[in-house]
Number of protein chains: 2
Amino acid sequence: MPKQTDVAKLAGVSTATVSRVINARGVVTEEVRQRVQSAIDALQYVPHASARALALQRSGTLGAIIPTLNNAIFAEGINAFERAAQLRGYTFILAVSHEEREQHAEQVIRMIERGVDGLLLVGNDHEPVVFERLEKAAVRHVCTWAFDEGARAPNIGFDNANAMHEVVDHLVSLGHRDIGVLAGIAAHNDRARERVHGIVKRLNYHGIALPASRIVEVAYSLRDSRRAFWQLIDHDVSAIICGNDVIAQGALLEALKMGLSIPGDLSIIGFDDLELSAELYPALTTVHVNAQRMGERAAGALIDAVENKTHVLSQQLDTHLVVRGTTGLCKEIDANSPTIDLADRATV
Amino acid sequence: MPKQTDVAKLAGVSTATVSRVINARGVVTEEVRQRVQSAIDALQYVPHASARALALQRSGTLGAIIPTLNNAIFAEGINAFERAAQLRGYTFILAVSHEEREQHAEQVIRMIERGVDGLLLVGNDHEPVVFERLEKAAVRHVCTWAFDEGARAPNIGFDNANAMHEVVDHLVSLGHRDIGVLAGIAAHNDRARERVHGIVKRLNYHGIALPASRIVEVAYSLRDSRRAFWQLIDHDVSAIICGNDVIAQGALLEALKMGLSIPGDLSIIGFDDLELSAELYPALTTVHVNAQRMGERAAGALIDAVENKTHVLSQQLDTHLVVRGTTGLCKEIDANSPTIDLADRATV
DNA sequence: CTGAAAGCGCTAACAC
DNA sequence: GTGTTAGCGCTTTCAG
């Protein structure tokens, strides 16, 4: 592989000049610039990023550590993050933790080794050592998919608990009182915990209890969700709130398969608003999350902080309920009995 | 950030010794090893990957350039590729081309700059300059999602054309003669082209023509697929072969919505066998592709070649038709007329 | 405007 | 066994 010296020799200049041309810094005669450029083209010279990173003490890379790519919502966010990074000239390094806790701290260290300029993490639930290392190494980082006031690191995401308020309000206004939850696995996952917490809190606000037996934890997969659905159905619920759309899709598919009429017999609500959710029949009522924007914002915030030598700023994104075809009036409500008017209390 | 010199000083040894301890090469007294290790822990020393790469002339990274992450099949393959890379100690660099042709050659150069030890590409349809650069830089690479004898670079994937043979045979054996195709966009996409080519060839083998009007190109999205579905339906087909499962899911959803009975009125076949396809009702008949294995194999082959200083070996993976609920007898076939017996010709 | 030279942090001979 | 030293390819003062 040709190196800068080769280009310099061929162009009859010093390596310093070649460097100036490549990085468009300092001033170089147009004539020299062209000579260098020709040499670069002729040799198909490609600069050596590691050498550059070593001299510059900046790698020009952004990293991300995510739980999995096998969930469309993460894939979408990462897709956008990568694109934004690329547009601003940064290379993207990805690590998938595959939900394995031990991997995580290890992966953060790998990212520090690689000298990433900025790092995206998912959620706020990370071991303290993770933040210590990151701070010590002065690697800017941002926790996404969550927005908590008390978080140790900057957050770019939404309030998972609050997002559930309108979900609960919606169901309650339709007369539902017996509500079940098909939640994501809570361990090491603050998003899943916060969502359940938000549901409990808001039901409580409406004077409705949520017995533990009506909360079932399930992995984010269609198959697991279909199986878990049965555990809940036994508990005589008229509506199910799901930890995300994959779970909701599983529940919907299973409900339809067992011959239930949706939303006649049962209401179902998801979270994420995946492309598919709008296309199913009936289309899924769910909470819309703009993962693409979150990815773009995270990349932008990280890069801004790096280039302006400032701190990463938190940003709260919003979510909103998209009412579609899987939620309807609770059939156990007598049509003549007064339905609760939420107008005076439902606003947050 | 502490560097090797700091560790060396604190442990009272030379940097060479520190290096030996870290890389577990050469021999070091157990006592010294421990002293160095303590120093590393005390300082929370993290080696500098760029400096290492520069000295070693190997980066310890693997790269991948893919069209998008917003298609579960790529996400799955990349997820597996990353995992395999990580398990063998390699860092993963990802670039998404977002289907933009110009980006592509540029991205390959970025990968070379980063000094990736191995690179995964999707399909064989890349500009010659891409291969030239890669060969010149001696970066091992592999083209996935395809297996073509004549390909310039090593392939780890399946034969897209051949995969369609059993699809066609299946439909023909069910009596279908009026077949439509909802194909992926052919431009810059050899996989999409090969699939259509395989269909045409096999139909031809059965003496069935496929008029151009019955081939509709469509982007890989549910929404586009639903729209395109109408163009095909006008052409009076009894079965539709889709470029992938996303397209097939869109077609299925739209068909059900318009009140068609599936497979009674229309048969539909997909490609990829996404998790969802098995869960829909009726479940989708489709071609199973093991993207996870493909990702693992690609990473393994790349790393083997790098570490053994050999060439990357091609591997052909197989696909197979999974017959589920969206394909059935062609209703236009008179039940009494002799159905064609394929037993003697259907084997490839 | 351009060149010379030092140094980024690490590894690999080669001495000792 | 362990230390010394010379780069790996690039950028960046500092002279000129």
Side-chain angles (χ1 to χ4, degrees), chain A residues 1-37 39-40 43-61 91 109-110 112-117 137-138, chain B residues 1-37 39-40 43-61 89 91 109-110 112-117 137-139:
Chain A
M1 279 277 83
K3 30 197 207 180
Q4 225 180 56
T5 348
D6 302 322
V7 176
K9 206 161 295 172
L10 195 120
V13 298
S14 71
T15 62
T17 301
V18 176
S19 178
R20 289 188 187 104
V21 170
I22 290 177
N23 301 300
R25 59 187 335 83
V27 211
V28 185
T29 321
E30 175 57 17
E31 190 259 322
V32 171
R33 204 195 58 69
Q34 287 191 7
R35 227 167 54 224
V36 172
Q37 191 56 56
I40 289 177
L43 294 171
Q44 293 204 317
Y45 165 72
V46 174
H48 192 298
S50 292
R52 203 153 186 277
L54 187 57
L56 235 38
Q57 297 293 77
R58 298 217 307 70
S59 68
T61 61
T91 295
I109 294 181
R110 295 284 89 81
I112 295 176
E113 273 187 15
R114 290 288 156 190
V116 294
D117 296 328
Chain B
M1 280 278 82
K3 31 196 207 179
Q4 224 180 58
T5 355
D6 302 322
V7 176
K9 206 162 294 172
L10 194 114
V13 297
S14 69
T15 61
T17 301
V18 176
S19 178
R20 289 187 187 104
V21 170
I22 290 177
N23 301 299
R25 306 155 124 59
V27 211
V28 185
T29 320
E30 176 57 17
E31 191 259 321
V32 171
R33 205 195 57 69
Q34 287 192 7
R35 227 165 57 224
V36 172
Q37 190 56 55
I40 289 176
L43 295 171
Q44 293 203 316
Y45 164 72
V46 174
H48 192 299
S50 291
R52 204 153 185 278
L54 187 56
L56 235 37
Q57 296 292 79
R58 297 214 313 74
S59 68
T61 61
T91 295
I109 294 180
R110 294 285 88 80
I112 295 176
E113 273 187 18
R114 290 288 158 190
V116 294
D117 296 328
V139 172

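We name chains A, B, ... by the order of the sequence lines, and we start the count at 1 in each one.
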Taking the minimum atom-to-atom distance to the side chain of A/R25, which one of C/dT11, C/dT2, D/dT12 wins? D/dT12
Think A/Q57 has a side-chain N or O under 4.0 angstrom from the OP1 or OP2 of D/dC10? no
Would you say C/dT11 has OP1 or OP2 under 4.0 Å from some side-chain N or O of B/R52? yes
Which nucleotide in D/dT4, D/dT11, D/dC10 has an atom nearest any side-chain atom of B/A16: D/dT4
Between B/S19 and A/A51, which is nearer to the 5' end of DNA chain C once each is assigned its nearest nucleotide? A/A51
Does a side-chain N or O from B/T17 land closer than 4.0 Å to OP1 or OP2 of D/dG3, or not? yes
Distance in angstrom units between B/E30 CD and D/dT2 P, rounded: 11 Å
Minimum-distance nucleotide to B/S14 side chain [options: C/dT11, D/dG3, D/dG1]: D/dG3
Among D/dG1, D/dG9, D/dG3, the one nearest any side-chain atom of B/V27 is D/dG1
Can you tell which of D/dT5, C/dG9, D/dC10 lies closest to the side chain of A/H48? D/dC10
Look at the side chain of B/R33 and the base of D/dG1, then say whether one donor and one acceptor between them are separated by less than 3.5 Å. no
Kindly say if B/T29 contacts the phosphate of D/dT2, meaning a side-chain N or O under 4.0 Å from OP1 or OP2. yes
Between A/I22 and A/I40, is any pair of side-chain heavy atoms under 4.5 Å apart? yes
Mind checking A/V32 for me? I need base, sugar-phosphate or nothing, with any heavy atom below 4.0 Å counting as a touch. sugar-phosphate
Given C/dT11, C/dC8, D/dT12, the nucleotide with the shortest approach to the side chain of B/A55: C/dT11
Nucleotide nearest A/R20 when distance is taken to its side chain, options D/dT11, D/dC14, C/dC10: D/dC14
